[in-house]
Structure formats: structure tokens, C-alpha cells
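Notes for the one structure printed next.
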Amino acid sequence: MLKRKNPIIAPSILGADFSILKKEVQLCNNSKAEWLHLDIMDQQFVPNLSFGPALVKSLKKHSDLFFDVHLMVSNPFDMLIPFIESGANGISFHIEATESRFTFPPKILINMIKKNSLKCGIAIKPKTPFSIIKKYLKFIDYVVVMSVEPGFGGQSFIPSTLEKVSEIDNFLKDEKLRDKILIQVDGGIKLENYKDIVNAGGDILVAGSQVFQSDDPIKTIRTMYQK
Ligand code: DX5
Ligand code: ZN
């Protein structure tokens, strides 16, 4: 995916009002947002439950946005086919979920995602060093840098994320991969800090509570598009 001058805003549906989800998605359709972020939680990898592929499939009928599925589940391999069939355009999985000998290695997941013509992302938790995923970079499209502990919306941005984003940005530049791999930053992104994240190298900003709890979500999204 080509790096652009301005960030891509990905509203996170986890921050929306679940009783009017179709309306919330339509609101995003009518905004400048290009991606819609869908957080999948299994109450094992994270201490929370969200929703599954049936809901993603229903929402996809009402939107042409890029559906960005973020798998926060302990066995991502088992979830790939259902989410591919739900209409996801991109899927990210956590590297931490592939470390156990009971799960599939990252390369198998990447191959399955790419074979189905989806974009592939690898997510890392705040305490996970970037170095762990270096060997997979040439096979993927985006890195998801968690800027909160995964599991819940509405948390505060962890400031040290900025250094991690810069480190990844510099590494990608040195390796001549900067044009091919985007950096997604997920969690705690607000109107007060989004510019710092973009300046550090963030390309895709995931924002849940800031977008859906603001008085004018469309305006909030438009503002975040400006550097
Ligand atoms: C956290 C999720 C985030 C969350 C972001 O586990 O991965 O995508 O929805 O929500 P805010 O923007 O409210 O931190
Ligand atoms: Zn997420």
C-alpha cells in the first residue's frame, strides 16, 4: 500500500452505539474516512467480547469503506476464513497470539490472507518490541502499533508509542520498505494527539471514542485528515 502525505482515518466501530450500528456506518460512509476498523475480541486473548463475522457481513452490505478487521483472538487462524467470507478487505492478527506451539505460525496466516487478495497486518501490543516482527515485514501491508492495552475503547494513549512509531518509520525507510508498508496506530487517538502520531510516522489512525462520542463525528474525522 502506498504511503500518502495525509493519514487515513479508520473509525473504530467499537466506539459506536451498537443499537444503531447501520446508522453509525452510514455516518462513516458520508465522512472522509476511508477505512472502518472492526475489533474482534474473544475474551481469551483480551478480557472482552465484541462481535463476529455475521455482524461484519451485515455491515458490509451498507458500506464500500475498506473493512479493516483487527483480530484480538487467541487462535486467529480459525477465524480467517469466516472473516474473509464476511467481506473484510484487510485482516490484522496479533503476533503474540501466534507464539504458542498450539497455534499456527505467522507465515501460514499471512499466506492465507494474501492468497485471498486481502491486505495483511501484524499487530503488536504496547510491551511487544517491534524487532519480533521484522522478519515478516516483506510479506505484509501494514503494522498495527497498539497504543493502549488491547481490549477496550476509551483508554488513554500510551506516550512511549510515539518512539515506537518513529523506530518503525526509520527502520522502514532504511530498508526501502516505507512505500510498501503502512503504520497503523490503534487506541487513545484524540484531537489533541493525532498530529504527534502523524509526525512520528503514523499512516492509519484508528479512532473510536473520539469519533463516535464527539458532537460532530464527520467534522472530527475531517479535522484528523489535516496534518
Ligand atoms: C482496543 C481496540 C481499539 C479501540 C480504539 O483494543 O483495538 O481499536 O476501538 O478505541 P479508542 O479510540 O476509544 O481508544
Ligand atoms: Zn483495534
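As a basis for the values below, the full set of heavy atoms in this structure was taken, side chains included, without hydrogen atoms, waters or symmetry mates. Predicted model only: the values in this text are computed from it and were never measured. Whatever order the structure lists ligands and atoms in, that order sets their numbers, starting from 1.
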How is the N/O/S atom of D39 that comes nearest to the Zn ion (ligand 2) named? OD1

Keeping D42 on the side-chain end and F45 on the backbone end, is there a donor-acceptor pair under 3.5 Å? yes

Contact table, ligand 1 N/O with protein N/O, distance under 3.5 Å:
from     : atom 1 : to   : atom 2 : distance (Å)
ligand 1 : 6 (O)  : G151 : N      : 2.7
ligand 1 : 7 (O)  : D39  : OD1    : 3.0
ligand 1 : 7 (O)  : H70  : ND1    : 3.4
ligand 1 : 7 (O)  : D186 : OD2    : 2.9
ligand 1 : 8 (O)  : H37  : NE2    : 3.3
ligand 1 : 8 (O)  : D39  : OD1    : 3.2
ligand 1 : 8 (O)  : D39  : OD2    : 2.8
ligand 1 : 8 (O)  : D186 : OD1    : 2.6
ligand 1 : 8 (O)  : D186 : OD2    : 3.1
ligand 1 : 9 (O)  : S12  : OG     : 2.7
ligand 1 : 9 (O)  : D39  : OD2    : 2.8
ligand 1 : 12 (O) : G208 : N      : 2.7
ligand 1 : 13 (O) : G154 : N      : 2.8
ligand 1 : 13 (O) : S209 : N      : 3.0
ligand 1 : 13 (O) : S209 : OG     : 2.5
ligand 1 : 14 (O) : G188 : N      : 2.8

Is D141 salt-bridged to K180, going by a charged N under 4.0 Å from an acidic O? no

Please give the atom name: the N, O or S atom of H37 nearest to the Zn ion (ligand 2). NE2

Taking the six-membered ring for Trp, are H70 and H37 parallel (under 30°), tilted (30 to 60°) or perpendicular (over 60°)? tilted

Restricting to N, O or S atoms, which atom of D186 is closest to the Zn ion (ligand 2)? OD2

Measure from the Zn ion (ligand 2) to every N/O/S atom of H70 and report the name of the nearest one. ND1

Check each of V46, N48, D186, D39 against P150 using the side chain to side chain contact (heavy atoms under 4.5 Å, CB included) test, and report the only one that passes. V46

Whether K190 engages the ring of F157 as a cation-pi pair (distance to the six-membered ring centre under 6.0 angstrom, angle to the ring normal within 45°) should be assessed. no

Please report the shortest heavy-atom distance between I218 and S31, naming the atom on each side. CG1-CB, 4.2 Å

Run the salt-bridge test on E149 and K127 with the 4.0 Å N-O cut-off and return the result as yes or no. yes

Rounded to the nearest 0.5 Å, what's the gap from CD1 on I122 to OG1 on T128? Could you check? 12.0 Å

